2 protein chains.
Amino acid sequence: MQSRTPAPRATGRPRSAAADAAILAATREALVELGWSKLTLGDVATRAGVAKTTLYRRWAGKNELVVDAVAELFDELRLPDRGTLAADIEGVVLQFAAILARPEAKSGLMAVVAESIRDDALRERIRESIVDRQKRLVLEGRARAQARGELPPETDPLEATRTVDLIFDMVAGAVVHRTLVSAEPADEEWVRNFTQVLLTGLAGTP
Amino acid sequence: MQSRTPAPRATGRPRSAAADAAILAATREALVELGWSKLTLGDVATRAGVAKTTLYRRWAGKNELVVDAVAELFDELRLPDRGTLAADIEGVVLQFAAILARPEAKSGLMAVVAESIRDDALRERIRESIVDRQKRLVLEGRARAQARGELPPETDPLEATRTVDLIFDMVAGAVVHRTLVSAEPADEEWVRNFTQVLLTGLAGTP
DNA sequence: GTGGTTTCGCTACGGGTCGTAGCGTAATGG
DNA sequence: CCATTACGCTACGACCCGTAGCGAAACCAC
C-alpha cells in the first residue's frame, strides 16, 4: 500500500513501516476533522509525528496519499453467502453503504475521483487499489447466482464482463449517489427497494 | 443564477449582467484548461476581463462560483416523448451522458459535490440549482409511463416520492459512475443495456 | 444639473500553503 | 569502519487567498 516500492535497496537505512501506518492513520484523522480541501500535508506530518519531507519522499502529493488512506477502508468488504441472490446483494450493499457513511471515506473518495479526471495516473491508482479490488464481489455473487439457477449462465464471455461492469456501475453508482449527492442514508429499507428494482426491474412484481 | 440576489436596491449603479455571464463562461473555460484544483479566482477574473474584487462581491468563493457555472450546463436537458418508457429513458440518459462527457462538467461537478460533504449550504445550493431541477424528468417520465399502462399507478403518495428518489439515484449514479469512475463512455450500447436492466431486472427477458 | 448611492477597476498587503534544498544525524549492510 | 539510505529540522521562493483602500463610473431621486 506504500506510495511506491522503489526496488527496496539491500543497503542503507530502511524506511519505517510504522511511519507509513502513522501517516495513513493521520490522513484519515485529518479527513474527518478538516475534510479534503482544508487538509494540508504539513498538518498530516505533524499529526503523524514525522517531518514533512518524509511524507514527500513517499507520496507525490495529496492525491496519492488520500487514495492510499481511503483504500484501506474498503478492504473489509466481504460477500456473505445468505442463500439467495437478493440477500447476498443486500448484505454487500449494506456493508458498502456503512463504509461510505464514514466521514473519512466521504470526504476523501469523491475528491480524489474528481482529481483523477485530469490525472490518468491517479485514476489508474484508484482503479487498482479500490475499484477493481471490489469488482470481485460482483463476479463472485454472479457465479453463485448462476450456480443456484437464479441467473442464466453466461454465453458470450465478452458480454459477461460487460454485464459485470454494468452491474458494478449501477450498484456502486446508486449507493454513492444516494449517500453523497442525495445525502441520505442507504439504510435497510432503501437497500431492500434498490435490490428489488435491480433484480426484477421497475415494473417488477411488488 | 447569480450568487445572491441581495434585494436589488433601487438606487446606485447596477451590477453588470454581462460581467456575470463573462465570469461564468470564463469559469467553464478555466475548468476545461486547468481543471478544478488548478483553477484560481484571480485567473478567472483575468479571463473574464473583470477585477478580482468584482468576483468576490458576487460569489463567496470557488465552490459557489463553479456550482453556478456548471448548473447552466444541465438546463438543456429535455425528456423527449418517444412513445415507450424504454425509449424515453434511453433518450434522456444519452443527453445526460453527453453533458457529463464535457470536460467542464466532469472537472467541476465531482469536485463541488465532494466539497458539499462538509458544507451544508453548498449542498443545498447544488440541490436547488442542479439535482432537484432535473428530478422533474423522472417525475414526468413516470407519469407518462403510467398513462401508457407501462407502470402501475402509484398507490401511496409517500412511496411514490421514495420510488422517484430511488430511480433518480440509480440513473444518475450509474451514469456518473460509468463516466467519471470507470472513465468509459456511456454510449448507445451501454445505455441500451442499462435501460433493459433497469426496466426488466437482472434476470429480465432478453 | 446636483447629490447620494452602489459598483467597478486597480493596487497593495499579511497570511497561509506548497514543494524543495541543505544539513547533520540515525540506522542498516558489507 | 564505511558506504548508503532514511530521517528530522530549518529555511526559502513562489503562489494563491481574501480583504482594504482609493478614485472613477453609472444609476436614481430631486
Side-chain angles (χ1 to χ4, degrees), chain A residues 1-24 26-27 30-31 33-66 107 111-112 115 118-119 121-122, chain B residues 2-27 30-31 33-66 107 111-112 115 118-119 121-122:
Chain A
M1 192 63 56
Q2 281 187 192
S3 70
R4 201 59 64 93
T5 312
R9 322 242 179 258
T11 175
R13 175 176 176 175
R15 287 190 173 174
S16 164
D20 260 50
I23 292 171
L24 291 176
T27 302
L31 277 177
E33 292 184 16
L34 306 174
W36 162 267
S37 57
K38 293 184 179 176
L39 180 149
T40 69
L41 295 192
D43 180 65
V44 170
T46 303
R47 290 173 187 265
V50 302
K52 193 172 61 165
T53 44
T54 298
L55 218 157
Y56 275 101
R57 287 191 190 96
R58 305 184 184 206
W59 284 277
K62 194 168 160 177
N63 295 335
E64 291 77 9
L65 173 62
V66 172
S107 303
V112 292
E115 289 299 308
R118 295 188 55 86
D119 185 339
L122 183 64
Chain B
Q2 281 188 192
S3 70
R4 200 58 63 94
T5 312
R9 322 242 177 260
T11 176
R13 175 177 176 174
R15 286 191 173 175
S16 163
D20 261 50
I23 291 171
L24 291 175
T27 302
L31 277 175
E33 292 184 17
L34 307 173
W36 161 268
S37 57
K38 294 185 180 176
L39 179 148
T40 70
L41 295 193
D43 180 64
V44 169
T46 303
R47 290 172 186 266
V50 302
K52 193 171 60 165
T53 45
T54 297
L55 216 157
Y56 275 102
R57 287 193 192 96
R58 306 182 184 206
W59 284 275
K62 193 168 158 176
N63 295 334
E64 292 77 9
L65 173 63
V66 171
S107 302
V112 292
E115 290 298 309
R118 296 188 55 90
D119 186 337
L122 183 63

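The basis for the numbers below is simple: all heavy atoms, side chains too, and nothing from hydrogens, waters or symmetry mates. Just so you know, these numbers come straight off a predicted model, no measurement behind them. So you know, we letter chains A, B, ... as the sequences are listed, proteins then strands, and number each from 1.
- For the atom pair A:Arg118 CZ and B:Lys38 NZ, the distance stands at 7.5 Å (nearest 0.5 Å).
- Comparing B:Pro14 and B:Asp43 against DNA chain D, the residue whose closest nucleotide sits nearer the 5' end is B:Asp43.
- Evaluation of the side chain to side chain contact (heavy atoms under 4.5 Å, CB included) rule for A:Ser37 yields B:Glu115 as partners, not counting sequence neighbours.
- Of the residues in residues 34-42 of chain A, none lies under 4.0 Å from DNA chain D by heavy-atom distance.
- Qualifying side chain to side chain contact (heavy atoms under 4.5 Å, CB included) partners for A:Thr27, counting only residues two or more places apart in sequence or in other chains: A:Ile23, A:Leu39, A:Val44, A:Leu65, A:Val66, A:Ala69.
- Atom CG of A:Leu41 sits about 7.5 Å away from atom NZ of A:Lys62, to the nearest 0.5 Å.
- The distance from atom CG of A:Asp20 to atom P of D:dC7 is 8 Å, rounded to the nearest whole Å.
- For the contact set between residues 44-56 of chain B and DNA chain C, defined by any heavy atom under 4.0 Å, the members are B:Gly49, B:Val50, B:Ala51, B:Thr53, B:Thr54.
- Scanning atom types as modelled, one donor and one acceptor separated by under 3.5 angstrom connect the side chain of B:Arg13 and the base of C:dT7.
- Heavy-atom minimum distance, B:Ala19 versus B:Ser16: N-OG, 3.0 Å.
- Residues passing the salt bridge (charged side-chain N to carboxylate O under 4.0 Å, His left out) test with A:Asp119: none are found, sequence neighbours excluded.
- Atom CZ of B:Arg57 and atom P of D:dC17 are 17 Å apart (whole Å).
- Taking CG of A:Leu122 as the start and CG of A:Asn63 as the end, the distance is 5.0 Å to the nearest 0.5 Å.
- Protein atom NZ of B:Lys62 is 11 Å distant from nucleotide atom C1' of D:dC17, rounded to whole Å.
- C:dG19 atom C1' lies 15 Å from atom CG of A:Leu65, rounded to whole Å.
- Among residues two or more places apart in sequence or in another chain, the salt bridge (charged side-chain N to carboxylate O under 4.0 Å, His left out) test is passed with A:Arg47 by A:Glu29, A:Glu33, A:Asp43.
- Atom CH2 in B:Trp59 sits roughly 15 Å away from atom P in D:dG18 (whole-Å rounding).
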